[in-house]
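Below: one structure, written as structure tokens.
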Number of protein chains: 2
Amino acid sequence: MNFQQLRSVREAVRQGYNLTVVAEVLHTSQPGVSRQIRELEDELGITLFERAGKRLTGLTAPGALVLPIVERLLLDAENLRRAAADFAGQDHGTLTIAATHSQARYALPPAVRDFSASHPGVELRLKQGTPQQVAELLLAGEADIGVATEALAGYPGLVALPCYQWTHSVIVPPTHPLADDARRQLTLTLARLAQFPVITYEPGYTGRSHIDEAFQRQGLAFKLVLSAMDADVIKTYVELGMGVGIIAAIAHDDQRDANLTAIDARHLFASNMTRLAVRRGSFLRGYVYDFISAFASPLTREVVDTARSEVSGSVFDI
Amino acid sequence: MNFQQLRSVREAVRQGYNLTVVAEVLHTSQPGVSRQIRELEDELGITLFERAGKRLTGLTAPGALVLPIVERLLLDAENLRRAAADFAGQDHGTLTIAATHSQARYALPPAVRDFSASHPGVELRLKQGTPQQVAELLLAGEADIGVATEALAGYPGLVALPCYQWTHSVIVPPTHPLADDARRQLTLTLARLAQFPVITYEPGYTGRSHIDEAFQRQGLAFKLVLSAMDADVIKTYVELGMGVGIIAAIAHDDQRDANLTAIDARHLFASNMTRLAVRRGSFLRGYVYDFISAFASPLTREVVDTARSEVSGSVFDI
DNA sequence: TATCCTTACGGAATTCGTAAGCATG
DNA sequence: CATGCTTACGAATTCCGTAAGGATA
């Protein structure tokens, strides 16, 4: 039994049982992967993969049973390397942050700037994706930290920590009727808002669910002319006069967005909690804690470790 | 990084940092072990062992930090093999039970006999030792199941399950004054018992602590003429008239021990709980559950797994 | 001086990639 | 017939044990 065999098995599952792809991912030859898997099967004395003729089609029952153990072995191998690297080159390494556009664009910059200044030896990588993709990157070990408002709390393999709460704003061109309302100190209502075409986030993104819920609760329907994955795109189309935008308040900057009027909408939509997540069971290098604290100061190393040790248990079950 | 390197590191710690011994245990050459360790240190980029000149003297701080990860890796490798073997040859394998003499001699036989009959393909191994040794065998992965009355519940790395409660008996030759008392229906008291020299278990064994506590609580001192690790030895010296024996009630059989009179002493000493333990995080083959149920019928597979998953968390912390 | 670790070296075993073969959709 | 896994084979590498060297208690 060796780690290359285990990697081959894990990757075969991840890559949909296509050993040719596995070979590419692992930078080796396809017959090599085939051999690794068969040798492991021989040593263990069980067939891990269902085969239709020659091609692999899925896991056998024994395969499905041992896969979690294989994953844990590879996770711990990675943990070992990280723990060692943390001692070896204390302040050299890589920090990969997976985040949604909104977080990467509006929430992370101060922390990234400060971290980068205080940890010049750490290479920072920022990966963007949907909240689901953020979670998957974490689970696959391809990101150290994930930041998103949605989804993260729903994965048992992740530890999600609340970072900050935020609310929505409505943005309109200065000439828009709603901008007039605001100047006259009129309180914005959902009914009033529903009179205009709306531009906001796609479902599954950045508090979109709370927007839908608010309208539904009042039995109102809003006309969605455009949905986008990030506030910058939304702002662009609001400027073009296509509709009123509903975005995260943090995504509006009075100075930079002088050509748009922002109207506070915290009374209309439920507030949102942005969470930071790490993979349960992953060793975190010292500077990972540093970044987390820089991003959300209440999340000290101690707080993070406490949350990490509050195990649901299921992850380590066999 | 490979498993042989990890094994060398683990064994180096276990064998007191003597690589010559490690080589013997791992059935390899001493320079080989030396190389494995250095190669791992090189790959990880950290020094794992303190060295005084050429010899190893202990773990460095980084070494102590990564050792738990190394142990977990090797444990999971073992788990993987066991899980596979459980599918491969469903009813072939080895079951190693570590127990104290009392358990091996008086409590285990029925379960061992039944199990052996129902699982002819499983080789049974019985290891004896002190309760501490039983715990250490489990923690070192050299036994699957441990049975003892003392100590087992105190190890965070073990899951201890209560099996049965038992009480003490006093044994004397039929001609002994206490035997007369019993025939006259006189209730035995500690004060009366303390009038005679006592033969019982060694400290740390089979409920000895409850015996000491009972006398102490009443401010009585008893004269211990002999202490032994098992009831058979105690019985032998009681037969010789050296004193009265205090042994586990289960260790006396009216027919086999016809030359000794047993007097119930459950009112004198606190009752004892015999526990069965398994290593936390170890994969248990199907027949291990079978044996546990055979030994203590309330301990079904479900009960055992529930106890196993109630993790203190500390074991898997990094 | 005995114990214990490291270095050096050579043979053996393993490993891996290329090329060819074969089954499946 | 294109895709995808297996088999075959040879070269390169790695691995490991023996023997010698050096440091420490």
Side-chain angles (χ1 to χ4, degrees), chain A residues 1-60 62-64 66-67 70 73-74 77 81, chain B residues 1-60 62-64 67 70 73-74 77 80-81:
Chain A
M1 187 193 310
N2 61 53
F3 286 105
Q4 188 66 6
Q5 294 168 345
L6 301 177
R7 265 189 293 271
S8 299
V9 168
R10 177 178 68 176
E11 216 57 36
V13 176
R14 285 191 183 172
Q15 303 301 336
Y17 312 104
N18 184 326
L19 301 194
T20 309
V21 178
V22 172
E24 283 167 26
V25 172
L26 297 182
H27 305 105
T28 181
S29 69
Q30 185 273 317
V33 173
S34 186
R35 208 176 16 230
Q36 301 292 357
I37 290 177
R38 262 180 308 104
E39 282 176 2
L40 184 60
E41 288 184 326
D42 289 349
E43 180 177 342
L44 294 179
I46 56 176
T47 307
L48 297 174
F49 292 96
E50 294 287 3
R51 288 171 170 82
K54 284 196 170 178
R55 37 194 89 180
L56 309 199
T57 57
L59 283 170
T60 60
V66 302
L67 183 67
V70 171
L73 276 163
L74 291 168
R81 270 186 275 268
Chain B
M1 187 195 307
N2 61 53
F3 287 104
Q4 188 66 7
Q5 293 168 346
L6 301 177
R7 264 189 292 271
S8 299
V9 168
R10 178 178 68 177
E11 216 57 36
V13 176
R14 285 192 182 170
Q15 303 301 335
Y17 312 104
N18 183 326
L19 300 195
T20 308
V21 178
V22 172
E24 283 167 25
V25 172
L26 297 183
H27 307 106
T28 181
S29 68
Q30 184 274 317
V33 172
S34 187
R35 208 177 14 230
Q36 301 292 358
I37 290 177
R38 264 181 306 104
E39 282 177 2
L40 184 61
E41 289 184 325
D42 289 348
E43 180 177 342
L44 295 179
I46 55 176
T47 306
L48 298 174
F49 292 95
E50 294 287 3
R51 287 170 170 83
K54 284 196 170 180
R55 36 195 92 180
L56 310 199
T57 57
L59 283 170
T60 61
L67 183 66
V70 170
L73 276 163
L74 292 167
L80 183 53
R81 269 186 275 269

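Below, read A as the first sequence line, B as the second, and so on, with proteins coming before strands; counting in each chain starts at 1. Quick caveat: nothing in here was measured; it's all calculated off a predicted structure.
Contact of the B/T60 side chain with the B/F49 side chain is not registered, since no non-hydrogen atoms from C-beta on lie closer than 4.5 Å. Side-chain atoms of A/L26 and A/S8, non-hydrogen and from C-beta on, do get closer than 4.5 Å to each other.
Residue A/Q4 contributes atom CD, which lies 15 Å from atom C1' of D/dT14 at whole-angstrom precision. With rounding to whole Å, B/Q36 atom CD is found 14 Å from D/dT14 atom P. Atoms CG (A/D42) and C1' (D/dT7) sit 14 Å apart, rounded to a whole Å. The CD atom of A/E43 sits 14 Å away from the C1' atom of C/dT14 (whole-angstrom rounding). The distance from atom CG of B/L40 to atom P of D/dC15 is 13 Å, rounded to the nearest whole Å. Atoms NZ (B/K54) and P (D/dA23) sit 6 Å apart, rounded to a whole Å. One interatomic measurement links the two molecules: CZ of A/R38 to P of D/dA8, which rounds to 10 Å at whole-angstrom precision. The CG atom of A/N2 sits 14 Å away from the C1' atom of D/dC15 (whole-angstrom rounding).
In terms of position along DNA chain C, the nucleotide closest to A/G32 lies nearer the 5' end than the nucleotide closest to the other residue of the pair A/A52 and A/G32. Summary of the strand contacts: B/R51 and A/P31 both lie near DNA chain C, and taking for each the nucleotide with the nearest heavy atom, the more 5' one is attributed to B/R51.
Among D/dG17, C/dG17, C/dT3, the nucleotide with an atom closest to any side-chain atom of B/R55 is C/dT3.
Phosphate proximity of C/dC16 to A/T28: absent, as no side-chain N or O sits under 4.0 Å from OP1 or OP2. Residue A/Q30 places no side-chain N or O under 4.0 Å from the OP1 or OP2 atom of C/dG17.
Using a 4.0 Å heavy-atom criterion, one finds that B/R35 contacts the bases of the nucleic acid, with or without backbone contacts as well.
A salt bridge does not link B/E41 to B/R35: none of the charged nitrogens lies less than 4.0 Å from a carboxylate oxygen.
Looking at B/E43, its side chain does come within 3.5 Å of a backbone N or O of B/M1 through a donor-acceptor pair. At distances below 3.5 Å, at least one donor-acceptor pair connects side-chain atoms of A/Q5 with backbone N or O atoms of A/N2.
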Residue pair B/Q15, B/V25: steps toward the side chain to side chain contact (heavy atoms under 4.5 Å, CB included) verdict: CA-CA 9 Å; B/Q15 303 301 335; B/V25 172; 3.8 Å; yes
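Only at 4.0 angstrom or more do the heavy atoms of residues 14-26 of chain A sit from any atom of DNA chain C, so none qualifies.
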